[in-house]
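Order of listing sets the numbers, starting from 1, for every ligand and every atom in it.
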Amino acid sequence: MNTRDTLKINEEGHLEIGGADCVQLAAQFGTPLYVYDEAYVRRMMRVYKKAIDELYDGNGQVLYASKAFSCKAIYRIADEENIGIDVVSGGELYTALQAGFPPEKIYMHGNNKLDYEIGEALDCGIGCIVADAYSEIDKIDAEAKKRNIRQTILLRINPGVEAHTHAFVQTATTDSKFGFSITNGTAEAATAYALSKSNVLLKGYHCHIGSQIFEKESFALAVEKCMCFVAEMRERLGFVSTTLNLGGGYGVWYTEDDRKLPAEGYAEYLETTISTLKAKASEYRLPLPYLLVEPGRSIVGEAGITLYTVGAIKEIPGVKKYVAVDGGMFDNPRYALYEAKYTPILANRALESATELLTIAGKCCESGDIIAVDVNLPTVKEGDLLAILSTGAYNYSMAMNYNRNKIPPCVLVKDGVAEYIVKPQTYQDLVRNDVIPERLIKKG
Ligand code: LLP
């Protein structure tokens, strides 16, 4: 079990999250079910905010990277906690605005923002757009001109830092679809280009070196490279950058192979970042930039679990025992995408010791539809309740309707009481956008 106060096992041997008994949650809301502990989400947001307030005199802002988990309620929580957000699509922006999130605290990302997304961002008065291509600089400038405004932007730069994480979630090595590379000169050229535009206001730079990274040194190295580049730009172009957005990426606990950090321990990442930033600013005699960080996974990842009911059990003698659940890759595609590892708990008999090596499979017509391979569990029976831990990030947000399975609902637990924040999909939802052309309509 992880170190967080979020989860505990009660006297009945049931897993609890945020004080709510998982067996009761399953009875009340059904399975599969995503469950989030509100207290944990808020605590993580506060850890980062406090670090910037106390270690950096509040000269910055925490932006929740909402791609990790986007829905109206999470934006309300971020707003109440006085942090900003980042969005990467018109859909995330729309959701945030629908939740009443203040547009000036929204940063927009994406490596190919569509024309209408840029238009929507400008129309709502978005705080900042992080440009990631020449064509985007052009479009932002043109759209801003039409509206007679000057849009604040940052440039996404690629510092070329190799962070230890899965190749698919590495984003700042030289071969990346993200960012203007510092090393091959495009970051400098893009800076000059943005400065030549009259309706964009270039404030500085953004970089994001990847996700699920534990090494603090990787973040420190990114700061060093960015600050060196900032100094070069002052020297070569006379441009003094005043904002530095360092993205997110702090790793979370999924299994015993991962580092366990108490919530407050995440301040360490900002301590390292801020001390490196101060050292570099003084070395290059640069003003301390307004600092932004964009944690996503570490805010919601360990705050969430998924509950499943065990269905068919299949033992292949000498090979494996498969336990199928009522969810699968349609609610958690991370094994299929990254061979991600998870920790399961038998939520209705959580005190029993492990006796078997099992593979938890989903219900999709796809061999790679796996939730966890070779995990130790007590003997599991049909009807048992399985909890998969640390599913709060990039599960619901990457869920899909493959095989026309319904995306599970999300509930938020506060003081032991759960409420829907995303309602269950229905079969009607699945066919809502289907159209039968006239010529195919069944006659008679
Ligand atoms: N900022 C930017 C610009 C990003 O691209 C990301 C994540 C973040 C912040 C937040 O990073 P975090 O703190 O969550 O690590 N689907 C993958 C993760 C993709 C992350 C993409 N960018 C997964 O399931 O592991």
Taking only non-hydrogen atoms of P295 and a 4.0 Å limit, the atoms of ligand 1 in range are 13 (O)
**Message:** Set out, in order, the CA-CA distance, both residues' side-chain angles and the distance that settles ring-ring contact (aromatic ring centres under 6.0 Å, His included) for H109 and H208, then state yes or no.
**Reply:** CA-CA 11 Å; H109 283 291; H208 170 78; 8.1 Å; no
Pair Y402 + F330: ring centers closer than 6.0 Å: no
Logged contact type for R297 with ligand 1, heavy-atom cut-off 4.0 Å, is both
For Y338, the ligand 1 atoms with a heavy-atom partner under 4.0 Å come out as 16 (N), 17 (C), 23 (C), 24 (O), 25 (O)
Quiz item: What about G247: any of its N or O atoms under 3.5 Å from an N or O on ligand 1?
Solution: no
CG (L114) and CD (E120) are apart, to the nearest 0.5 Å, by 9.0 Å
ask   = Of all the heavy atoms in F178, does at least one lie under 4.0 Å from an atom in ligand 1?
value = no
The atoms of ligand 1 lying under 4.0 Å from a heavy atom of R156, numbered in the order shown, are 3 (C)
Ligand 1 to D86, heavy atom cutoff 4.0 Å, flagged ligand atoms 1 (N), 9 (C)
Under 4.0 Å from one or more heavy atoms of G296, ligand 1 contributes atoms 12 (P), 13 (O), 14 (O)
Ligand 1 to A65, heavy atom cutoff 4.0 Å, flagged ligand atoms 8 (C), 9 (C), 10 (C)
Quick one, V252 with Q212, criterion side chain to side chain contact (heavy atoms under 4.5 Å, CB included). Give me CA distance, side-chain angles, the key distance, then yes/no. CA-CA 7 Å; V252 306; Q212 188 57 8; 3.9 Å; yes
> Hey, does G249 come in under 3.5 Å of ligand 1, counting only N/O atoms on both sides?
Replying inline: yes
Using a plain distance cutoff, I'd like to know if S211 has any nitrogen or oxygen under 3.5 Å from a nitrogen or oxygen of ligand 1. yes
Y64 and I74: side chain to side chain contact (heavy atoms under 4.5 Å, CB included), yes or no, with the steps?
CA-CA 9 Å; Y64 163 60; I74 199 78; 3.8 Å; yes
Exercise for the section: May I ask you to check if ligand 1 and S298 share an N or O to N or O distance below 3.5 Å? Expected result: no
